[in-house]
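All values below come from the heavy atoms of this structure, side chains included, with hydrogens, waters and symmetry mates left out.
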Amino acid sequence: MTRSLKVAVIGAGVAGLVAARELQRESLQVVVFEKSHQLGGTWAYDARVESDLLGIDPNRDVVHSSLYKSLKTNLPRELMSFTDFKFDEKVYGGPGMYAGHEEVLKFLNDFARHFELIGLIRFNTLVTRVEVVDLDITDFVVESNTDGVNYVEVFDAVVVCTGRNTQPRLATDIPGIKTWPRKQMHSHNYRVPEPFRDQIVVVIGNGPSAVDISREIAMVAKEVHMSSRSPLVKVAKSDKFNNMWQHSKINCVSEDGWITFQDGFSIDADIILHCTGYKLHLPFLRINGIVSVEDKRIGPLYKHVFPPRLAPRLAFTFPFIIMECQSRWIAHALSAKVSLPSEDEMLSDVLKYYEEMKEKGLPEHSTHQLGFQLDYIDWMWAQTGMVMEKNIRNMIEYWIYCLMTAGIDGYMDLFSQKYGI
């Protein structure tokens, strides 16, 4: 009788819970490592902020969650569901199609209880090392720390499901910003708008969080000035707030507090808020350079999941819409239900993808932005015979259309006009 593989899952957020469920279904021995006292990962709201508001100090006490108090999802409940556990069928008290973070956490706790996953989780346990045992790469050493006590164990496979939103990515390339004497912070440490009352705030970034936080801050701030490096941005005063403006990229910041934008406007600001995303941070990985982590690219990864040389023993998962089918593919590969291409074939596929990115002018940090690549979604679902419901497929297609048509500022409203309240 073949021995059941022992698999370490790092992280008990959404990805870790789904991976554990799929691995358990294949009768694999699963241990989930979670550094917090509760499951949920980034969806477990923490009112604390870090002592270093920019997240630069490596010795700071890291707060894992980046949630702010008012945050709602930017995906409808239907697209945050699983094939056999629907978010939109649950009643958690929140109105509308976009759930608050409290509802998401309740949903994840219900998911974990329903599939009996909680007993697999080691809470308050930080993974400090994942290392290849030998050149044959048949085992991994996993070192962890629980309440000050170190443990070293050997696993047959590791699935990395740690969050992507803990290590801030800063706009350090702006002339003068490193020596600007006034307050700066990253959105990772934003919780409520009150500290911005009567302040003149410059927000760097134009993603969903930048737009959402800027609108919230504008309710109490004296002025809010958003800055984007996108050449497509429309420089204008907001049509929703009398005290909010959209500007182009910042040209420079001065030691006297003044900030000058490339559109020619200047402002004497009180605070700079970086809504500039995150770096991937996997300090526990020690696998002899076989996998590298640069900014937001983990590589090389075949289909964004398996490092060719370590497949299928080491795997990674990515966002909501595809993490269930990715996890099932990983579980089926480890249980020998599906076969992977050769190492050379997988590596060739990765290099081809990188070359296509270059030809399209896409930056490396967008490597794993997969949520709306329909060809990839279809391919991934097909690997284990999963079938996407027609209404879900239609919603994904329309969601992409809304994003392309209305942009970050209006895509949720446009989507809601057809599907929501």
Side-chain angles (χ1 to χ4, degrees), residues 1-34 82-84 111-112 115-117 119-122 127 129-142 144 153-162 282 284-287 290-291 298-319 322-347 349-350 368 370 376 379-386:
M1 184 176 180
T2 305
R3 179 179 68 88
S4 175
L5 297 180
K6 186 178 180 183
V7 185
V9 175
I10 304 176
V14 184
L17 294 174
V18 176
R21 195 266 308 263
E22 295 300 329
L23 294 165
Q24 189 179 49
R25 282 177 165 174
E26 294 303 313
S27 300
L28 301 171
Q29 301 176 57
V30 183
V31 177
V32 182
F33 294 87
E34 171 52 50
F82 305 110
T83 53
D84 53 0
F111 178 85
F115 292 105
E116 299 181 347
L117 303 176
L120 306 177
I121 304 172
R122 295 183 189 173
V127 172
R129 177 168 61 106
V130 172
E131 190 169 9
V132 175
V133 171
D134 53 45
L135 295 178
D136 293 330
I137 314 173
T138 56
D139 297 298
F140 293 87
V141 169
V142 176
S144 61
E153 301 165 84
V154 176
F155 287 84
D156 299 295
V158 176
V159 184
V160 179
C161 302
T162 55
L282 305 172
F284 53 83
L285 275 185
R286 303 180 192 175
I287 44 181
I290 297 172
V291 177
I298 305 173
L301 291 185
Y302 175 62
K303 301 302 183 185
H304 308 277
V305 176
F306 294 115
R309 188 176 172 192
L310 301 175
R313 298 299 183 104
L314 180 65
F316 300 79
T317 63
F318 286 91
I322 53 175
M323 64 175 58
E324 183 179 11
C325 50
Q326 285 179 331
S327 294
R328 189 165 300 181
W329 188 39
I330 294 166
H332 284 198
L334 287 172
S335 61
K337 279 189 175 180
V338 299
S339 299
L340 299 175
S342 69
E343 179 182 335
D344 287 343
E345 289 172 322
M346 288 190 283
L347 183 57
D349 185 88
V350 176
H368 306 300
L370 307 172
Y376 177 81
W379 186 92
M380 185 57 66
W381 278 70
Q383 297 315 295
T384 58
M386 294 176 68

Listed by chain and number, what are the ring pair (Phe, Tyr, Trp, His ring centres under 6.0 Å) partners of [X], not counting sequence neighbours?
{"X": "H304", "value": "Y353, H368, Y376"}
{"X": "F33", "value": "F155"}
{"X": "F111", "value": "F82, F85, F115"}

Quick one: does [X]'s side chain get under 4.5 Å of [Y]'s, heavy atoms only?
{"X": "L117", "Y": "Q24", "value": "yes"}
{"X": "I290", "Y": "L310", "value": "yes"}
{"X": "R313", "Y": "V132", "value": "no"}
{"X": "P307", "Y": "F316", "value": "yes"}

Inset, instruction - Could you tell me whether D344 and R309 have a side-chain N and a carboxylate O separated by less than 4.0 Å? - result: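 Salt bridge flag = no for R309 with D344.
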Inset, instruction - Can you sort out the partners of E131 under salt bridge (charged side-chain N to carboxylate O under 4.0 Å, His left out), two or more places apart, ordered by chain and number? - result: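 Once residues adjacent in sequence are excluded, the partners of E131 under the salt bridge (charged side-chain N to carboxylate O under 4.0 Å, His left out) criterion are R129.
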Legend entry - All salt bridge (charged side-chain N to carboxylate O under 4.0 Å, His left out) counterparts of E22, not counting sequence neighbours: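 Counting only residues at least two positions away or on another chain, E22 forms a salt bridge (charged side-chain N to carboxylate O under 4.0 Å, His left out) with R25, R328.
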Which atom pairs, donor and acceptor, lie under 3.5 Å between side-chain atoms of residues 333-342 and protein residues at least two apart or in another chain?
from : atom 1 : to   : atom 2 : distance (Å)
S335 : OG     : E26  : OE1    : 3.1
S335 : OG     : A331 : O      : 2.9
S335 : OG     : H332 : O      : 3.3
K337 : NZ     : E26  : OE1    : 3.3
K337 : NZ     : E26  : OE2    : 3.3
S342 : OG     : E345 : N      : 3.2
S342 : OG     : E345 : OE1    : 3.2

Legend entry - Ring-ring centroid check W381 W329, cutoff 6.0 Å: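 They do not qualify: ring centres at least 6.0 Å apart.
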Legend entry - V305 versus M380, closest heavy-atom pair with distance: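 Where V305 meets M380 most closely, the heavy atoms are CG2-CE, 4.1 Å.
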Inset, instruction - Could you tell me which non-hydrogen atom of A19 sits nearest to which non-hydrogen atom of C161, and how far apart they are? - result: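 Smallest interatomic distance, heavy atoms only, reads CB-SG, 4.0 Å.
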Legend entry - Flag, side chain of D156 to backbone of K6, donor-acceptor distance under 3.5 Å: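 Pair found, side chain donor or acceptor close to backbone of K6.
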Legend entry - side chain to side chain contact (heavy atoms under 4.5 Å, CB included), paired with I330, selected from V7, L314, T317: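 Exactly one option meets the side chain to side chain contact (heavy atoms under 4.5 Å, CB included) with I330, and it is T317.
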